[in-house]
Every structure is written in C-alpha cells, then in structure tokens.
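The model shown is predicted, which means the values in this text are computed figures rather than measured ones. One-based numbering, in listed order, for ligands and for the atoms of each.
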Amino acid sequence: MESRIRILAIESSCDETAAAVLENGRALHSNVVATQIDLHAQYGGVFPEVASRQHIRTIYGVVDQALKQAHMTMQDIDVVAVTQGPGLAGSLVVGLNMAKALALARNIPIVGVNHLEGHIYSAWVYDADRYMDGSKAPDPPAFPLVALLVSGGHTELVLIEDHLQYQLLGKTQDDAAGEAFDKVARLLGLAYPGGPSIQHAAEGGNPTAFTFPRARLEGAWDFSFSGIKTAVLRTVKKIEENHQELPVADLAASFQAAVVDTLLTKTLAAARKYNARQILVAGGVSANRALRAAFTGQAEFQVHIPQFSLCTDNAGMIGAAGYYRFIAGHTSSLDMDARPVWPLSSL
Ligand code: KG4
Ligand code: ZN
C-alpha cells in the first residue's frame, strides 16, 4: 500500500494563529487561521505582547477546529510540524509548546520549520477536496526554480535547484515589499495592513498618474524600496502644501505599479540568468492582484503563485515544508527553542 503521511501543522510566528492538516506534503484537508488584525489595527502594526497573549487564548480552539474540519483526531496524525522561526519570540513559543505537547502525548515525530521555507512550499499545496473524485492533482513546481519571497518582513530572490536547497541571490537593502506597502498606506491615510488597503484604493486609480522610481540596483539581485517610499512622501507633502486634496487612488495605483514592475523585472532577469525552468512567487504580498497579473501575464516562464488563502501566513504551508523536511530525514527534538532570527540562507 502507498505510504501516507498525515501532518498536523501549527503556525504562530506573528499575528495569525493557524493550524492545518496536510497529507503527503500537498493535499490540504483543513487550513484554519485566526487572525489578530483587528486587535493590532489600533496600534498600526503588530504589538508583540498582545500577539502572544492572543495566541495563547486561541491556539487550542484553532488546532481542535483543524482536526475536526479534516474529520480526524490526533490518532490519525503521523507527524507534527511547527514554525520554529523567524518571528516574534513570544508568539513562536506558544505554537512550539502546543506542538511539543501534542507530539509528546502521541509519541510521534516533531519537525521545526522555517517560516520562509514554509512560504516557498505553499506553492506545493492544493485543496484535497477538489481532487476527491480521483482527478489529477496539479503538477508540483519543477526545479531549478527562481523564487521571489515577498512578505511583511522579507523580500528575497532565491535560486532553488532541488528540494530544501536554497541559494540566496538577493534581498532588500532596506524595507521589505510588504513593509513598503504598510508604510505608504499610512502616508496615504489608509488602514492597516497596508497591502490590501493599497490594492483596494489602487483599483480606482491611474497607475501612470505619477512616476515613482524603479530602483534597479544594476548588477545586483538586491532590492530597495526606500526610494519609492520617499518619492511618495515627497509627492504627498507637495500636494498638502498646496492645500489640494490627495489623489489617494492615483498615488496608490502608481506606487503599486512601481513596486510590481521592480519585482517582476528583477525576478525575470534572475530566472534567465540562472536558467530557471519556472518562477515561484510566495509570501503575503503575492496575494496582490496587480502583482499576480503581472507575473502570470508574461509568457517567458511558467509561474507558480499560491492560492489566496495560502499567500498570507497559514499552517498549510508549514505542513508542506515539514513534510519535505521529514521525508529527507529531518526531525527536531522536544527541547528545540524558538529561533526569532533564522535566515533561509542558513538552512
Ligand atoms: O507573509 P505575511 O502574511 O506575513 C509575514 O510573514 O510577514 O505577509 C504580510 C504582508 C503585509 O505587509 C501585508 O501588507 C502584505 O503582506 N499583503 C499585501 C497584500 N496582502 C497582504 N501586500 C500587497 N497586496 C496585498 N493584497
Ligand atoms: Zn509570513
């Protein structure tokens, strides 16, 4: 009989408490996310102490729901995967403790997963329900891949030649892409988190109304977003000094276009240079519709972008990365610690 590995995965690195059940690294049976966005919106960003307290309140219910939605109990689970880092120490510890307790109680292996590796593996995941009738599951990404990882804390271009093999080509020299969205949203008076707010505002705007700089950083694979952010700030100040009304939609659309253009141009150049077969885009910012349209609209490379529910933080992606780690022989000990700083390049 074909071997079957069912993973219960837990994610609590930032402001979402999440649990998922995944089979053989790809088939998602449940994916529960309790977001804390409303709690943190009043602070305009994530408040670490509030986050860890909220994780403690919700984690038990979230895990319970993930098992119920998958029609399983802990008896059906073979491995526990959990985000070990990077992230907020106090938040990571909550997920780790829950995962350790479950693994210990059932005496099953536990795998500590890097959150960034999780974002990359989100591209392997599909909803099990949709393929219940025996129809063919989507093809997994094919190596070598160039991956663009764009989240609230990270913007990285990574060459992946095989499972679990990462070569960091470049990263942001200042703000992460998601951070730039969040900061520009604040400048424009839009709600937190900035990514979805800017996308929404941009829908009614003209992306060519303002020309914001596309930082190319010639010869390097690094990114920089502070120039675009400063250009938006200068434009906003000038308009306000003239007592004119802020054209929020045009500013949002023009900013978004500059970021998307920068990300697409550099990723395509890297994919050509390293003879990638495919491109993978992942992380919270990959939920952005303009970004998705730009990447899927080019004809040169096949692009994998996770479905919306797997772009922002979730546990399904942690289960996928945990599975590929597990079958490669990686397991963790019950006394593993949270790793608040843990670059992908160190894996
Ligand atoms: O991956 P993620 O959920 O958390 C981190 O690991 O950081 O990414 C969160 C980031 C935030 O900066 C948020 O503004 C951004 O992803 N984001 C978006 C969109 N949805 C979330 N940025 C642009 N457009 C979106 N639709
Ligand atoms: Zn994330």
Side-chain angles (χ1 to χ4, degrees), residues 9-18 20 31 33-37 40-41 44-46 48 51 82-88 91-92 95 113-123 125 147-156 171-172 175-188 190-203 205 207 225 228-229 252-253 255-264 280-295 305-318 320-321 340-344:
I10 295 176
E11 150 70 37
S12 68
S13 67
C14 190
D15 59 346
E16 342 275 352
T17 321
N31 196 28
V33 180
T35 182
Q36 306 179 359
I37 282 176
H40 299 288
V46 179
V82 58
T83 307
Q84 192 182 356
L88 301 168
S91 290
L92 289 164
V113 173
N114 181 292
H115 180 87
L116 306 173
E117 184 169 60
H119 274 300
I120 286 170
Y121 274 93
S122 60
V125 180
L148 172 69
L149 186 63
V150 271
S151 71
H154 296 265
T155 300
E156 293 177 4
K171 59 180 171 38
T172 181
D175 293 337
E179 203 178 350
F181 269 94
D182 294 337
K183 288 181 178 171
V184 167
R186 220 173 298 162
L187 280 177
L188 300 180
L190 299 171
Y192 168 86
S197 300
I198 292 215
Q199 173 180 296
H200 186 68
E203 277 160 15
F225 295 103
I228 305 180
K229 187 186 64 191
F255 162 77
Q256 182 174 267
V259 173
V260 168
D261 190 22
T262 304
L263 293 171
L264 177 68
L280 188 163
V281 188
V285 183
S286 68
N288 185 271
R289 286 183 204 282
L291 183 82
R292 297 168 82 91
F295 273 86
I305 309 182
Q307 62 189 61
F308 285 110
S309 57
L310 293 163
C311 290
T312 47
D313 290 348
N314 66 88
M317 67 185 200
I318 301 301
V341 179
W342 190 11
L344 196 60

Show your working on side-chain contact (heavy atoms from CB on, under 4.5 Å) between H119 and D313 and close with a plain yes or no. CA-CA 8 Å; H119 274 300; D313 290 348; 3.1 Å; yes
Criterion side-chain contact (heavy atoms from CB on, under 4.5 Å) on E117 and L344, from CA distance to verdict: CA-CA 7 Å; E117 184 169 60; L344 196 60; 4.1 Å; yes
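- Remark: side-chain polar atoms of S12 are not paired, donor with acceptor, to backbone N or O of T17 under 3.5 angstrom.
- For the side chain to side chain contact (heavy atoms under 4.5 Å, CB included) criterion with V184, the lone passing option out of E179, Q256, K229 is K229.
- Listed here is the closest heavy atom pair of A294 and V260: CB-CG1, 3.5 Å.
- Each protein N, O or S atom less than 2.8 Å from the Zn ion (ligand 2) was counted, giving 3.
- The backbone N or O of V33 sits nowhere less than 3.5 Å from a side-chain atom of N314 that would complete a donor-acceptor pair.
- Considering all non-hydrogen atoms of both residues, A177 and T155 come closest at N-OG1, 2.7 Å.
- Between the E11 side chain and the A18 main chain, no donor and acceptor come within less than 3.5 Å of each other.
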Show me the short polar-atom pairs for ligand 1: any N or O of it lying under 3.5 Å from a protein N or O, with distances only.
{"unit_1": "ligand 1", "atom_1": "1 (O)", "unit_2": "H119", "atom_2": "NE2", "d": "3.0"}
{"unit_1": "ligand 1", "atom_1": "1 (O)", "unit_2": "G284", "atom_2": "N", "d": "3.0"}
{"unit_1": "ligand 1", "atom_1": "1 (O)", "unit_2": "D313", "atom_2": "OD1", "d": "3.2"}
{"unit_1": "ligand 1", "atom_1": "3 (O)", "unit_2": "D313", "atom_2": "N", "d": "3.1"}
{"unit_1": "ligand 1", "atom_1": "3 (O)", "unit_2": "D313", "atom_2": "OD1", "d": "3.3"}
{"unit_1": "ligand 1", "atom_1": "4 (O)", "unit_2": "D313", "atom_2": "OD1", "d": "3.3"}
{"unit_1": "ligand 1", "atom_1": "4 (O)", "unit_2": "D313", "atom_2": "OD2", "d": "3.2"}
{"unit_1": "ligand 1", "atom_1": "6 (O)", "unit_2": "H115", "atom_2": "NE2", "d": "3.2"}
{"unit_1": "ligand 1", "atom_1": "6 (O)", "unit_2": "D313", "atom_2": "OD1", "d": "3.3"}
{"unit_1": "ligand 1", "atom_1": "7 (O)", "unit_2": "G152", "atom_2": "N", "d": "2.8"}
{"unit_1": "ligand 1", "atom_1": "7 (O)", "unit_2": "G153", "atom_2": "N", "d": "3.4"}
{"unit_1": "ligand 1", "atom_1": "8 (O)", "unit_2": "G152", "atom_2": "N", "d": "3.3"}
{"unit_1": "ligand 1", "atom_1": "12 (O)", "unit_2": "G178", "atom_2": "O", "d": "3.2"}
{"unit_1": "ligand 1", "atom_1": "12 (O)", "unit_2": "D182", "atom_2": "OD2", "d": "2.9"}
{"unit_1": "ligand 1", "atom_1": "14 (O)", "unit_2": "D182", "atom_2": "OD1", "d": "2.8"}
{"unit_1": "ligand 1", "atom_1": "14 (O)", "unit_2": "G195", "atom_2": "N", "d": "3.0"}
{"unit_1": "ligand 1", "atom_1": "24 (N)", "unit_2": "N288", "atom_2": "ND2", "d": "3.0"}
{"unit_1": "ligand 1", "atom_1": "26 (N)", "unit_2": "Q199", "atom_2": "OE1", "d": "3.0"}

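- Here the closest heavy-atom approach between residue P306 and residue S122 is recorded as CG-OG, 3.2 Å.
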